[in-house]
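Everything numeric in this text was worked out from a predicted model, so none of it was measured.
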Amino acid sequence: MQNNKQSPRSWRRYGILGVFLVALLGFGAVQLWPAASPVAEAEPVFAEDGIAIRGYDPVAYFTADKPVAGSSAHAFEWNGVTWHFANAEHRERFAAKPEMYAPAYGGYCAWAVAEKGELWSIDPHAWHIVDGTLYLNYSDAIQQRWEQDIPGFIKKGDERWAQIIVDS
């Protein structure tokens, strides 16, 4: 009959090796499988007093086709800021797919990002949806400038936003 017992010294060696391997694999897993959206989590978001879009409901732009004030009673934390919603249904929609409803360029003025490469605040009433993406602007006057060449400003804005993200 064979003895399968190992000496206490062998167990210690395997125990230390096991702890080392578990720690190494755990660290490797973090590196191999990052968070679901590492770029989105690093993007700056316009948030006055920590509230995105000055408290307006991002989902309402798509469903009501107009800006609708949100409520702190239907708040949701995402991307480091608080988002307000008009109702629980909108909050749940956003929570399921925030990238679908969150405004382009972190909710900063689309024209300023494109034309100036700068981050300007917004007026929630100066907005436009293009190809399923919400764009916000600083004011009605800036909105009118942006509407003169929406495709051109989006192209420049996308390029400049990528650089803004890197510089942040």
Side-chain angles (χ1 to χ4, degrees), residues 29-168:
V30 169
Q31 298 301 314
L32 294 174
W33 294 289
S37 183
V39 173
E41 293 301 320
E43 291 182 5
V45 175
F46 173 71
E48 190 170 84
D49 297 326
I51 309 296
I53 316 178
R54 298 186 186 267
Y56 278 74
D57 180 341
V59 176
Y61 289 97
F62 295 89
T63 60
D65 199 32
K66 65 181 181 181
V68 175
S71 165
S72 61
H74 303 292
F76 182 76
E77 299 288 323
W78 180 73
N79 211 5
V81 298
T82 302
W83 301 75
H84 286 179
F85 301 91
N87 56 53
E89 178 191 344
H90 284 192
R91 183 189 62 225
E92 296 310 314
R93 279 182 164 192
F94 185 87
K97 294 183 180 179
E99 296 86 1
M100 181 179 191
Y101 297 105
Y105 315 133
Y108 287 94
C109 175
W111 180 86
V113 168
E115 193 62 18
K116 304 282 186 183
E118 297 175 355
L119 302 178
W120 290 10
S121 65
I122 54 94
D123 175 350
H125 296 277
W127 63 283
H128 205 89
I129 293 176
V130 179
D131 296 329
T133 300
L134 173 62
Y135 295 89
L136 300 168
N137 280 294
Y138 176 79
S139 66
D140 288 335
I142 294 296
Q143 176 87 6
Q144 289 173 0
R145 288 185 193 176
W146 188 76
E147 288 174 344
Q148 291 174 3
D149 183 15
I150 292 173
F153 285 126
I154 290 174
K155 184 177 183 207
K156 285 197 310 190
D158 290 348
E159 292 167 1
R160 290 210 165 136
W161 185 247
Q163 188 58 47
I164 289 169
I165 297 291
V166 169
D167 293 343
S168 300

Heavy atoms only: give me the nearest Gly132-Phe62 pair and the separation to one decimal. O-CE2, 3.5 Å
List the atom of Pro124, the atom of Arg54, and the distance in Å for their closest heavy-atom pair. CD-CD, 3.7 Å
Report the distance from atom CD of Gln143 to atom CD1 of Ile122, rounding to the nearest 0.5 Å. 11.0 Å
Output for pair (Thr133 OG1, Met100 CE), nearest 0.5 Å, gives 10.0 Å
Determine whether the aromatic ring centres of Tyr135 and Trp127 lie less than 6.0 Å apart. no
Passes side-chain hydrogen bond (donor to acceptor under 3.5 Å, both in side chains), His84 versus Ser72? Steps please. CA-CA 6 Å; His84 286 179; Ser72 61; 5.2 Å; no
Quick one: are Gln148 and Trp146 in side-chain contact, heavy atoms under 4.5 Å? no
Any Ser139 side-chain heavy atom under 4.5 Å of His125 side chain: no
Pair Phe94 and Trp83, ring centroids less than 6.0 Å apart: yes
On a heavy-atom basis, the closest approach of Thr63 and Arg93 is CG2-NH1, 2.8 Å
Evaluate the criterion side-chain contact (heavy atoms from CB on, under 4.5 Å) for residue pair Gln163 and Ile165; output intermediate values, then yes/no. CA-CA 5 Å; Gln163 188 58 47; Ile165 297 291; over 6 Å; no
May I ask you to test the Ile150-His128 pair for a side-chain heavy-atom distance under 4.5 Å? yes
Is there a side-chain contact (heavy atoms from CB on, under 4.5 Å) between Tyr61 and Leu136 once you walk through the steps? CA-CA 11 Å; Tyr61 289 97; Leu136 300 168; 4.0 Å; yes
Can you see which heavy atom on Trp78 is nearest to which on Ala102, and at what distance? CZ3-CB, 3.7 Å
Under 3.5 Å, side chain of Arg91 to main-chain N/O of His74, donor-acceptor pair present? no
Looking at side-chain heavy atoms only, is the closest gap between Ser121 and Tyr108 below 4.5 Å? no
Within the supplied structure, the quantity of interest is the number of heavy atoms (other residues, nucleotides, ligands) at a distance under 6.0 Å from Asp167 CG; does it exceed 12? yes
Atom pair OH/CZ of Tyr138 and Phe46 - distance to nearest 0.5 Å: 10.0 Å
Can Tyr105 and Val45 be said to form a side-chain contact (heavy atoms from CB on, under 4.5 Å), step by step? CA-CA 8 Å; Tyr105 315 133; Val45 175; over 6 Å; no
Euclidean distance, Trp111 CH2 relative to Asn137 CG, rounded to 0.5 Å: 9.0 Å
Where is the tightest heavy-atom contact between Pro44 and Ile164, given as atom of each residue plus distance? CG-CG2, 4.4 Å
Rounding to 0.5 Å, atoms OG1 (Thr82) and CD (Glu77) come to a distance of 3.0 Å
So how far is it from Ile53 CD1 to Ile51 CD1, rounded to the nearest 0.5 Å? 11.5 Å
Looking at Pro58 and Leu134, what are the two nearest heavy atoms and their distance? O-CD2, 4.4 Å
Could you give me the CA-CA distance, side-chain angles and deciding distance for Glu118 and Trp120, then say whether side-chain hydrogen bond (donor to acceptor under 3.5 Å, both in side chains) is met? CA-CA 6 Å; Glu118 297 175 355; Trp120 290 10; 2.9 Å; yes
Are Tyr101 and His90, when compared by the centres of their aromatic rings, separated by less than 6.0 Å? no
